[in-house]
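Working notes, beginning with the structure itself.
In what follows, every chain begins at residue 1, and chains take the letters A, B, ... in the order their sequences are listed.
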There are 4 protein chains.
Amino acid sequence: MKKNKPKYKQIIDAAVMVIAENGYHHAQVSKIAKRAGVADGTIYLYFKNKEDILISIFEEKMGLFIEKINGEIAGKSTAIEKLTTLVEMHFKHFSGEQHWAVVTQLELRQSNQELRKKINEILREYLDLIDLIIIEGKQNQEFKPELDVRLARQMVFGTIDEIVTSWVMKGQKFNITANSSIVAHMLVNGLSADG
Amino acid sequence: MKKNKPKYKQIIDAAVMVIAENGYHHAQVSKIAKRAGVADGTIYLYFKNKEDILISIFEEKMGLFIEKINGEIAGKSTAIEKLTTLVEMHFKHFSGEQHWAVVTQLELRQSNQELRKKINEILREYLDLIDLIIIEGKQNQEFKPELDVRLARQMVFGTIDEIVTSWVMKGQKFNITANSSIVAHMLVNGLSADG
Amino acid sequence: MKKNKPKYKQIIDAAVMVIAENGYHHAQVSKIAKRAGVADGTIYLYFKNKEDILISIFEEKMGLFIEKINGEIAGKSTAIEKLTTLVEMHFKHFSGEQHWAVVTQLELRQSNQELRKKINEILREYLDLIDLIIIEGKQNQEFKPELDVRLARQMVFGTIDEIVTSWVMKGQKFNITANSSIVAHMLVNGLSADG
Amino acid sequence: MKKNKPKYKQIIDAAVMVIAENGYHHAQVSKIAKRAGVADGTIYLYFKNKEDILISIFEEKMGLFIEKINGEIAGKSTAIEKLTTLVEMHFKHFSGEQHWAVVTQLELRQSNQELRKKINEILREYLDLIDLIIIEGKQNQEFKPELDVRLARQMVFGTIDEIVTSWVMKGQKFNITANSSIVAHMLVNGLSADG
DNA sequence: AATGAATGAGGGTTCATTCAT
DNA sequence: GATGAATGAACCCTCATTCAT
């Protein structure tokens, strides 16, 4: 399994930094190779092409992210607690990996439609996780029973994604995690039965 | 004023079509020039560079959009009605201009950070409009008085933007305007005092 | 018509020299451009791609060659005289253009099958010219009436081509034109009725 | 002697197949190694470099070919019979080894000048064989005594080589051996005293 | 002897922009 | 103002060869 070899990780890590620093279009493969301490050609023993590096980064990071969130919310008993945890962890995750935040929120969106479709496939798993929380909340009557799951999830994801993007574009100057509970509260209100 | 000369409009209109048809990365200046019926060099008499065309497109279209929305919500007396109108018009706007929807939601996001900053400056006016509605709602006590305006606006914009993007990426197959009232309702709930 | 513009000729001439000096695979487009005194990109205003330069060279040179031979043999009354003239002119042609001889006999043959098929299409005209002489000779009874035209032409072309190639590979050291009459005589004998 | 070890043969055989199937430019060393069932590095225990594989192939195959022809013409008493036999066997040889025909007539000619010089050195032995037949024919007075041996040999080789190349380029669709006697007859006529 | 992971040099082509007319 | 021919910088990927094991 190539993914467990040390050079695979080296290249992934180098790529995140190089892309965050130079932007997607100026992240030459040769720059990534130099940063990873391998030859240019070595990249192609581990990745099909430059696009494949990007997809793999997203897969790796997103995989860990979802795993971490899944672990955390498993211990929560209500949908509201779960949603609140998800929002908190989402902000905390990016807050701790600022390079990675730039790559996710800005650089990966500059890719072509082909690539973005693949990225969306990977994102799918995260969106499904949100869907599950919403469905559970509907059944628990924590949320409105007539909630449209797709639209609800788009509100949840759209909101937190917009906040992170805005934070990244403003140079990550303020403490994004401080907003967690306010945002979670607004979202929960949005999904709950009318007052 | 260059903006009132006929060639300016010709080039803008040609650019929107060429970008929507070919995607951002294949929208060469020469293609836009040919479609506009002018020489390549003529473009540079009206625009500083290629980026400037994109920014100008966004400015033009966004300006009209904001004007239209402003006119409509001026007649509404409550913040809730205003917000609901904004959501409705946002969806209706893109629903009626599918080329433009592709350009805004997908193609323009493939531009570099520099350009995206300028796009955000233009977007600013729209975001300010949302802010005003929220502030009004807070004063009216339609919304929670302790609402964080920035976060509230990010929820509103993030939600509707995510819905439109998702609709575009899925090939604009379903009728997006049908969701207006559900989405508006969820957002209003999110901003309102707890039940 | 691009072919009549001065830069077209400049590039063609530069390409012949650069290919003859460096070999097909080491004739970088940038080298050709520099030799022609134009920018790299200018090449692509006149030629579709690198292959197209090669094909165009062959077309140009071969066209002139066939024209010259056609003019000369038009004045001859017998097939034998015509064939003799063709052999003489073939040798004389390459003898006077040593760079071009290297390109034709060695470099162009290193191209891929795709390209060689296109080269053969252009060569076709020359082969047809030989065919016509052979057919005329059969009708005149200068040559055997039962002659297989294709095989006869392959003998004629194969022979002179092999002689030129060998001369080029040996560094064009001896005077190739001195062999014209001997070769022509052998070929005529080969095509004539048995003694 | 490395040539007698089993892996040497394995690699040679694999190389012929790989080149015939993929063409010269796509016949990577790694593909040859895989087909031969050895590691990439092992190739370099038996061959100096990639070129050396090609030269060795040609040497091996050509050696067998010349041996076979030599054996056959040893039994013929006249130069004309010998030449006729050579033509027949040349066509029959390629007719029976269509992969090898592609490699010899098309793929090997795509190699660089350096390599082609070495190939010509190996071919030399075959050309010498033709020379000997011509010299014998001159002494026997079967052929013209004043014949230029080099030119005569170039006619013989050029003719049969052109016919085989043409047959290969046309996809080896017709039966090339059917032409043997016609071609041999034309060549003998070309070399014989005038009628 | 055999392996195969690692190396790293090398080049065709696009397209935003300029400037002489 | 308008033209459009000319410019030239910029980069991903392949694959023959090596060498530590």
Side-chain angles (χ1 to χ4, degrees), chain A residues 2 5-8 10-11 22 25-34 36-53, chain B residues 2 5-7 11 25-34 36-54, chain C residues 2 5-8 10-11 22 25-34 36-53, chain D residues 2 5-7 11 25-34 36-54:
Chain A
K2 287 199 165 160
K5 297 207 179 173
K7 299 215 169 170
Y8 181 86
Q10 271 168 246
I11 295 167
N22 301 278
H25 287 298
H26 295 103
Q28 296 103 320
V29 172
S30 62
K31 245 183 221 163
I32 297 173
K34 185 173 269 180
V38 301
D40 292 16
T42 305
I43 301 266
Y44 293 87
L45 296 176
Y46 293 89
F47 302 91
K48 230 174 47 237
N49 50 36
K50 191 183 173 184
E51 249 189 25
D52 190 32
I53 304 177
Chain B
K2 285 195 166 168
K5 298 214 176 173
K7 296 210 172 172
I11 294 167
H25 287 298
H26 295 104
Q28 297 98 327
V29 171
S30 62
K31 244 183 218 163
I32 295 173
K34 182 175 268 180
V38 301
D40 292 15
T42 305
I43 300 264
Y44 291 86
L45 298 174
Y46 293 89
F47 301 90
K48 222 171 63 235
N49 50 35
K50 189 183 175 185
E51 258 189 18
D52 191 31
I53 305 176
L54 290 169
Chain C
K2 286 198 165 161
K5 297 206 176 173
K7 300 215 171 171
Y8 180 86
Q10 271 168 247
I11 295 167
N22 301 278
H25 288 297
H26 295 103
Q28 296 103 319
V29 171
S30 62
K31 244 183 222 163
I32 295 173
K34 184 173 271 180
V38 301
D40 292 17
T42 305
I43 300 266
Y44 293 86
L45 297 177
Y46 293 90
F47 301 91
K48 230 173 49 235
N49 49 35
K50 191 182 174 186
E51 251 189 23
D52 191 33
I53 304 177
Chain D
K2 286 194 167 167
K5 299 213 176 171
K7 296 210 173 173
I11 294 167
H25 287 298
H26 295 103
Q28 297 99 326
V29 171
S30 61
K31 243 183 218 163
I32 296 173
K34 183 174 267 180
V38 300
D40 292 16
T42 305
I43 300 265
Y44 291 86
L45 298 174
Y46 293 89
F47 301 90
K48 222 170 62 232
N49 50 35
K50 190 183 176 184
E51 258 191 18
D52 191 31
I53 305 176
L54 290 170

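Between B:I53 atom CD1 and E:dA16 atom P there is a gap of 9 Å when expressed in whole angstrom units. The CD1-C1' distance, from A:I43 to F:dT14, rounds to 14 Å in whole Å. A:K34 has its NZ atom 10 Å from the P atom of E:dA9, to the nearest Å. In this structure, the NZ atom of C:K31 is 11 Å from the C1' atom of E:dG10, given to the nearest Å.
Distance check, rounded to the nearest 0.5 Å: CG of A:D52 to NZ of A:K50 gives 13.0 Å. Atom-to-atom distance recorded for C:I43:CD1 and C:I11:CD1 is 4.5 Å, nearest 0.5 angstrom.
Residues passing the ring pair (Phe, Tyr, Trp, His ring centres under 6.0 Å) test with A:F47, sequence neighbours excluded: A:Y8. Considering only residues two or more places apart in sequence or on other chains, B:K7 meets the side-chain contact (heavy atoms from CB on, under 4.5 Å) condition with B:Q10, B:V38, B:T42, B:Y46.
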Identify each donor-acceptor pair in which a side-chain atom of residues 26-33 of chain A lies under 3.5 Å from a protein atom, sequence neighbours left out, and give them as a table.
{"unit_1": "A:Q28", "atom_1": "OE1", "unit_2": "A:K31", "atom_2": "NZ", "d": "3.1"}
{"unit_1": "A:K31", "atom_1": "NZ", "unit_2": "A:N22", "atom_2": "OD1", "d": "3.3"}
{"unit_1": "A:K31", "atom_1": "NZ", "unit_2": "A:H26", "atom_2": "O", "d": "3.3"}

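Stem analysis of DNA chain F (Watson-Crick or G-U pairs, both distances under 3.5 Å, runs of at least three) returns E:2-21 with F:2-21.
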field: Annotated protein contacts, base or backbone, on nucleotides 5-13 of chain F with a non-hydrogen cut-off under 4.0 Å, one of B, S, - each
entry: -BBB--SSB

